[in-house]
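Beneath this line is the structure, given in structure tokens, with notes to follow.
Quick note: residue numbers are just sequence positions, from 1.
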Amino acid sequence: MIIAPLVFAMLVVGIAHMATTGAIGRIGAKPMAWFIGASLVSLMLGMVMVNILRPGENLGLRCHERCAFRDRSSGCLAPPSKSES
């Protein structure tokens with residue numbers, strides 16, 4: 001969680017210490033594009049892996065009766081249907 005702010009801070013400090021505005025555009029755009037691209041790829045990979053592996057699904061945890069995500073048949077895995085609300 002601390003790596004993303006550190007990389008962003010390094011880019012900002014590096015750009016702030018440049019003398020010409022032309023160099024800022026050339027040197028700042030490419031790393032920023034890589035940073036945003038890598039962040040999007042890692043986010044999508046994480047979402048896909050969670051949907052495939054479904055961590056915590058078989059823990060057998062039960063919700064309280066007033067829980068918004070309670071499902072009578074399988075615990076806390078599904079949001080309430082429109083008829084229950």
For residues 33-44, which side-chain N or O atoms pair as donor and acceptor with protein atoms under 3.5 Å away, sequence neighbours left out?
unit_1	atom_1	unit_2	atom_2	d
S39	OG	F35	O	2.9
S42	OG	A38	O	3.2
S42	OG	S39	O	2.9

Worksheet item: Given a cutoff of under 4.5 Å between side-chain heavy atoms of I, L, V, M, F, W and Y, with clusters grown through shared members, what are the other residues clustered with L45?
Response: V48, M49, I52, L53
Item to complete: Following the transitive rule for hydrophobic clusters with a side-chain heavy-atom cut-off under 4.5 Å over Ile, Leu, Val, Met, Phe, Trp and Tyr, establish whether V7 and V12 coincide in one cluster.
Response: yes
Practice prompt. Under 4.5 Å between side-chain heavy atoms, chaining through other members, with only Ile, Leu, Val, Met, Phe, Trp and Tyr counted: pull out the rest of the cluster around V50, sorted by chain and number.
Written response: none
